[in-house]
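Here, residue 1 is the first one in the sequence, and each next residue gets the next number. Because the structure is predicted, anything quoted here is derived from the model rather than measured. For the numbers below, each heavy atom of this structure counts, side chains included, while hydrogens, waters and symmetry mates do not.
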Amino acid sequence: MAPSLDDESSLFNFVVRDGNGVKGIVDSGISKVPRPYIQPPAEQINKKNASKCEIPPIDLSKLDGPEHDEVANQIVRAAETLGFFQVVNHGVPIQLLDTLKQTAHNFFGLPAERKAVYRKEVSPSPLVKYGTSFVPEKEKALEWKDYISMAYTNENEALQQWPMECRDVALQYLKTSHEMVKKLLDALMANLGVELDDSNIDAFIGKKMVNMNFYPTCPNPELTVGVGRHSDMGTLTILLQDGIGGLYVKVPEDIDMEKKGEWVEIPPIPGALVINIGDMLQIWSNGRYKSAEHRVRTTSTKSRVSIPIFTSPQATQKVAPLPQVVEKDGMAHYREFLFSDYMNSFFGNAHDGKKSLDFAKINFS
């Protein structure tokens with residue numbers, strides 16, 4: 001039964017507690033956005049004012065040839081400026097990317113009760129969580145997004161516990177992208193004076209998670225957001241977006257680039273993957289690399305999907321700026337902490353730009 005759009009508590013129960021998600025509201029035939037989804041004017045995204053990010057994608061196949069250093073420099077430069085870049089010839093089969101997008105549409109097209117079994121409160125597996133928005137209990141306005149999140153421990157557990165509707169293709173995505181993640185991290189760490197090998201790589205990307213995000217069509221896209229302003233908490237995020245667009249990144253104020261402080265759209269490039277720098281890389285690099293502040297717009301024409309892989313340290317890992325970087329910089333800008341504590345802080349608050357980093361920042365006032 002469709003909820004009353006005017007009764008906020010019954011709407012919240014329908015969307016969040018009963019597992020219908022935003023898709024359930026849209027399927028009930030709404031003609032306007034319910035009030036809990038209307039963002040304050042400052043958070044609304046004006047598509048007309050935004051420009052597209054014209055930076056060409058980085059060809060990762062060249063990392064294996066004579067142009068290695070030049071391509072590694074392009075990766076470093078992107079991490080030091082926008083914190084976002086796109087890659088092609090990345091080693092993940094294009095056909096797999098197409099299958100992933102279709103699989104995401106198929107999963108969110110399932111009846112609500114099939115998805116709701118994975119709600120955090122009832123999920124049969126601690127690895128799998130189906131939800132909506134970000135932290136609905138803490139948000140002043142809800143985000144126009146449903147998602148399924150699948151944490152990776154090992155292949156056996158994934159095969160047994162991830163939803164059968166998307167398990168195989170999500171695992172394949174994780175496996176085929178691993179080499180690319182290693183190459184990217186290798187270039188970024190080498191620039192900081194750290195040599196990556198099998199003995200230390202888990203300290204940086206020991207934890208992995210695949211999400212499938214679903215942004216249903218929205219009757220008033222200008223009033224809502226798919227995802228609010230935030231940076232990702234981990235190391236590197238690998239994102240597959242479809243052809244619809246709507247991903248925006250904020251150009252940092254403190255870098256030498258045009259459009260400082262403006263939001264630019266990361267346009268979909270067929271066959272490309274989007275890479276963004278997470279908070280942990282900003283902290284390890286003592287602020288040299290920028291975790292990208294980004295957000296997602298909704299659309300009235302078609303439902304959009306995106307499929308990110310989040311890489312991060314293990315929960316028990318201690319994180320602090322790398323000693324060799326601190327030595328060069330003369331001081332650490334972030335304190336040491338346990339990654340699990342950072343996670344608790346991150347998921348304990350609604351999205352609010354790059355405020356997540358305040359948890360670790362040392363204030364020199």
So, for [X] and [Y], which heavy atoms are closest and what is the spacing to 0.1 Å?
| X | Y | answer |
| --- | --- | --- |
| Asp146 | Gly21 | OD1-CA, 3.3 Å |
| Pro163 | Met150 | CD-SD, 3.9 Å |
| Ala170 | Trp162 | CB-CZ3, 3.8 Å |
| Gln86 | Pro267 | NE2-O, 2.9 Å |
| Thr235 | Pro313 | OG1-CD, 3.7 Å |
| Ala332 | Ile362 | O-CD1, 3.6 Å |

Q: Apply the test side chain to side chain contact (heavy atoms under 4.5 Å, CB included) to residues Val33 and Cys218: give CA-CA distance (whole Å), side-chain angles for both, the deciding distance (0.1 Å), then the verdict.
A: CA-CA 7 Å; Val33 167; Cys218 177; 3.6 Å; yes
(Q) Test of understanding: with salt bridge (charged side-chain N to carboxylate O under 4.0 Å, His left out), list the residues that count as partners of Lys207, not counting sequence neighbours. (A) none
Q.
Are His294 and Phe84, when compared by the centres of their aromatic rings, separated by less than 6.0 Å?
A. yes
(Q) Looking only at the aromatic ring of each residue, does the gap between the centers of Trp263 and Tyr248 stay below 6.0 angstrom? (A) no
Q. Where do Lys23 and Phe214 land on the side chain to side chain contact (heavy atoms under 4.5 Å, CB included) test, with the steps shown first?
A. CA-CA 8 Å; Lys23 186 174 188 298; Phe214 185 72; 3.7 Å; yes
May I ask whether [X] and [Y] are part of the same hydrophobic cluster, defined by side-chain heavy atoms of I, L, V, M, F, W, Y residues being less than 4.5 angstrom apart, directly or through others?
| X | Y | result |
| --- | --- | --- |
| Ile94 | Leu60 | yes |
| Leu171 | Phe310 | no |
| Val305 | Ile269 | no |
| Met343 | Leu127 | yes |
| Val181 | Ile201 | yes |

Okay, side chain of [X], backbone of [Y]: is any donor-acceptor separation there less than 3.5 Å?
| X | Y | answer |
| --- | --- | --- |
| His68 | Pro66 | no |
| Asp168 | Leu159 | no |
| Tyr173 | Ile307 | yes |
| Lys115 | Phe108 | yes |
| Lys208 | Ile205 | yes |
| Ser123 | Lys120 | no |
| Asn220 | Glu222 | no |
| Glu336 | Ala320 | no |
| Asn286 | His333 | yes |
| Trp144 | Thr299 | no |

Looking only at side chains, do [X] and [Y] share a donor and an acceptor under 3.5 Å apart?
| X | Y | value |
| --- | --- | --- |
| Tyr289 | Asn191 | yes |
| Ser303 | Thr217 | no |
| Tyr334 | Gln282 | yes |

Do the side chains of [X] and [Y] get close enough for a salt bridge, i.e. N-O under 4.0 angstrom?
| X | Y | value |
| --- | --- | --- |
| Asp98 | Lys101 | yes |
| Lys182 | Asp186 | no |
| Lys52 | Glu265 | yes |
| Lys302 | Asp242 | no |
| Arg114 | Glu165 | yes |
| Lys145 | Glu143 | no |
| Glu155 | Lys175 | yes |
| Arg288 | Glu80 | no |

Q: Output all residues satisfying ring-ring contact (aromatic ring centres under 6.0 Å, His included) with Phe204, sequence neighbours left out; order by chain, then residue number.
A: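 Partners of Phe204 by the ring-ring contact (aromatic ring centres under 6.0 Å, His included) criterion, ordered by chain and then number, come out as Trp284.
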Any side-chain heavy atom of [X] sitting closer than 4.5 Å to one from [Y]?
| X | Y | value |
| --- | --- | --- |
| Met280 | Phe339 | yes |
| Val326 | Met331 | no |
| Ser31 | Pro219 | no |
| Gln74 | Arg77 | no |

To the nearest 0.5 Å, what is the distance between [atom1] on [X] and [atom2] on [Y]?
| X | Y | atom1 | atom2 | answer |
| --- | --- | --- | --- | --- |
| Ile238 | His178 | CD1 | NE2 | 11.0 Å |
| Leu185 | Leu281 | CG | CG | 6.5 Å |
| Glu70 | Ile58 | CD | CD1 | 10.5 Å |
| Leu236 | Ile309 | CG | CD1 | 11.0 Å |
| Ile283 | Phe337 | CD1 | CZ | 3.5 Å |
| Lys129 | Asn211 | NZ | CG | 9.0 Å |

Q: Please check if atom CD in Glu113 has more than 12 non-hydrogen atoms from other residues, nucleotides or ligands closer than 6.0 Å.
A: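 Yes.
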(Q) Is it true that, when you exclude Asn154 itself, more than 12 heavy atoms of the residues, nucleotides or ligands shown sit nearer than 6.0 Å to its CG? (A)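 Yes.
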Q) Within 45 degrees of the axis of the six-membered ring of Phe359 and under 6.0 Å from its centre: does Arg335 put its NZ or CZ there? A) yes
Q: Begin from the C-alpha positions of Glu195 and Asn200 and carry the test side chain to side chain contact (heavy atoms under 4.5 Å, CB included) through to its verdict.
A: CA-CA 9 Å; Glu195 202 173 314; Asn200 66 4; 5.9 Å; no
Q | Residues Lys183, Met180; criterion side chain to side chain contact (heavy atoms under 4.5 Å, CB included); working and verdict | A | CA-CA 5 Å; Lys183 285 178 181 175; Met180 169 191 66; 5.7 Å; no
Q) Given the rule in the salt bridge (charged side-chain N to carboxylate O under 4.0 Å, His left out) test, do Glu293 and Arg229 qualify, once you have shown the distances and angles that lead to the verdict? A) CA-CA 6 Å; Glu293 184 177 349; Arg229 300 175 297 111; 3.3 Å; yes
Listed pairs under 3.5 Å, donor-acceptor, residues 272-279 side chains, sequence neighbours left out:
residue	atom	partner	partner atom	Å
Asn276	ND2	Asp232	OD2	3.2
Asp279	OD1	Ser231	OG	2.8
Asp279	OD1	Ser291	OG	2.8
Asp279	OD2	Tyr342	OH	2.7
Asp279	OD2	Ser356	OG	2.9

